[in-house]
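Beneath this line is the structure, given in structure tokens, with notes to follow.
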Amino acid sequence: MRRGLGVMLSRRGIGRVLRNGSIAFAALSGIVQLATAIFPSIAIPGFRVLAGLLLLSFTWGALSSLSRAKVSQDFTNPEFVVTVKKGDIFSESDSWVVGFTDVFDTSTQIEDVISSHSVQAQLMDRLFEGSPSILDAKLSESLAGVAPDSEESLQDKPQGKRARYPIGTVAFMREGGRSVYGLAYSRMSNSLVAQSSVDLLWQSLNSLWESVAVNGRRQGLAMPVIGGDLARIDNIDHETLIKLIILSFVARSRRSVIASELTIVIHPENLDKVDVAEVRAFMASL
């Protein structure tokens, strides 16, 4: 409830409450006017009606804003589902998508290489015993058939890994009965700054779906909102990133089903950056 109040009290959250409340008020007012037109003998005190309508309308507006933590869209011909929800990707029972840079860094000992708060670090902690060496072994096994684009010198890149793989490379791993798709969608500079772009993200998503088609057995797929925060795609917002991911997935799935459901998981701290009603309308239009 505390998080919900935080959403309501933000500028964007208040806007949603007012908008939803206004829609509800207009609908209820229409009902009252229709009732009085049909039954003119009904005596309804105007002030009480107005107060009641306002109370009901903005209660509805608040509740509808607070209940925006999940939205799903069923698609047909072929059949698949897209869900956008607040939560923790690592609580999802589906296969996971985790973003990486083109060098597939794993070390969190130096914060500049991989942030200890990143999704990659959480993946390592939750599935690979917090051990970079175990995750590195899995990555090396998965990438054995992929030739690096280039390799940096120790002088140019003294920290982190140096072999650069093509953007869109997918390291498919299985561990503890879980399938993980490690997607390289950003470039790590020699000064340890990750940077992606809309073009690189779109290219990477296309590669991801093809890997899912080959390895996924049409099982469900869960992923965070990749592209924001540390990937520094700063020219589009969180909500637009979600729409971009959805559009790419739906476009590929129209050819053939690659996953029964895609779940895009919004971190609770980023929920207020997304108008889920707009995302719902976007999905309905596809």
Side-chain angles (χ1 to χ4, degrees), residues 3-4 7 12-13 16 20 63-99 119 122-123 126-127 170 172 177-183 185 201-202 204-229 231 233 236-286:
R3 170 62 189 170
V7 171
R12 194 169 184 177
R16 292 192 190 100
N20 294 340
L63 290 175
S64 62
S65 295
L66 290 174
S67 62
R68 62 190 185 89
K70 180 178 179 179
V71 59
S72 293
Q73 178 70 39
D74 294 328
F75 292 86
T76 56
N77 301 319
E79 295 183 355
F80 58 93
V81 179
V82 177
T83 296
V84 179
K85 62 184 289 189
K86 177 187 76 171
D88 174 9
I89 182 177
F90 299 110
S91 297
E92 299 297 315
S93 59
D94 298 327
S95 300
W96 298 334
V97 177
V98 176
V119 178
Q122 294 178 57
L123 171 70
R126 300 203 191 190
L127 197 60
V170 180
F172 175 69
R178 175 79 60 180
S179 295
V180 179
Y181 297 86
L183 176 64
Y185 72 95
L201 178 58
W202 185 263
S204 301
L205 289 170
N206 289 335
S207 298
L208 171 63
W209 310 140
E210 295 312 313
S211 180
V212 172
V214 171
N215 299 295
R217 303 173 187 173
R218 297 191 173 185
Q219 297 171 334
L221 188 68
M223 65 187 296
V225 184
I226 60 174
D229 301 326
I233 303 181
I236 59 176
D237 60 21
H238 221 67
E239 183 178 311
T240 305
L241 285 171
I242 292 174
K243 292 178 179 178
L244 183 70
I245 295 169
I246 293 170
L247 179 62
S248 177
F249 177 77
V250 171
R252 175 57 184 85
S253 298
R254 289 300 190 192
R255 289 164 45 196
S256 62
V257 174
I258 59 174
S260 58
E261 181 173 8
L262 171 66
T263 301
I264 301 172
V265 182
I266 306 170
H267 192 281
E269 291 182 358
N270 292 324
L271 182 62
D272 195 40
K273 299 177 182 179
V274 180
D275 187 338
V276 177
E278 292 292 335
V279 175
R280 179 192 293 113
F282 175 75
M283 290 196 294
S285 71
L286 297 176

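Only this structure's heavy atoms are used, side chains among them; waters, hydrogens and symmetry mates stay out.
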Any donor-acceptor N/O pair, Arg178 side chain to Asp94 backbone, under 3.5 Å: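 Side chain of Arg178 to backbone of Asp94: a pair is present.
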
Flag, side chain of Asn215 to backbone of Ser211, donor-acceptor distance under 3.5 Å: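 Yes, the answer is positive, given that a donor and an acceptor are paired below the 3.5 Å cut-off.
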
Which value, rounded to the nearest 0.5 Å, describes the distance between [X] atom [atom1] and [Y] atom [atom2]?
| X | Y | atom1 | atom2 | result |
| --- | --- | --- | --- | --- |
| Arg126 | Trp96 | CZ | CH2 | 7.5 Å |
| Lys243 | Met283 | NZ | CE | 10.5 Å |
| Ile266 | Ile242 | CD1 | CD1 | 4.0 Å |
| Glu239 | Asn270 | CD | CG | 12.5 Å |
| Lys86 | Lys70 | NZ | NZ | 12.5 Å |
| Leu208 | Ile245 | CG | CD1 | 9.5 Å |

Residue pair [X] / [Y]: nearest heavy atoms and the distance that separates them:
| X | Y | result |
| --- | --- | --- |
| Ser253 | Pro78 | O-CG, 3.2 Å |
| Ser204 | Leu183 | O-CD1, 3.5 Å |
| Ile89 | Pro224 | CD1-CD, 3.2 Å |
| Val212 | Ala259 | CG1-CB, 4.5 Å |
| Gly87 | Pro268 | O-CD, 3.5 Å |
| Asn206 | Ser248 | OD1-OG, 3.7 Å |

Within 6.0 angstrom of Arg254 CZ, more than 12 heavy atoms from elsewhere: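 For Arg254, atom CZ is crowded (more than 12 foreign heavy atoms under 6.0 Å).
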
Side chains of [X] and [Y]: does their closest heavy-atom pair fall under 4.5 Å?
| X | Y | answer |
| --- | --- | --- |
| Tyr181 | Met223 | no |
| Phe282 | Leu247 | yes |
| Leu201 | Leu205 | yes |
| Val279 | Ile246 | yes |
| Phe75 | Val257 | no |

From CA spacing to verdict: side-chain contact (heavy atoms from CB on, under 4.5 Å), Lys273, Asp237: CA-CA 8 Å; Lys273 299 177 182 179; Asp237 60 21; over 6 Å; no

Stepwise side-chain contact (heavy atoms from CB on, under 4.5 Å) test for Phe249 and Leu286: CA-CA 11 Å; Phe249 177 77; Leu286 297 176; over 6 Å; no

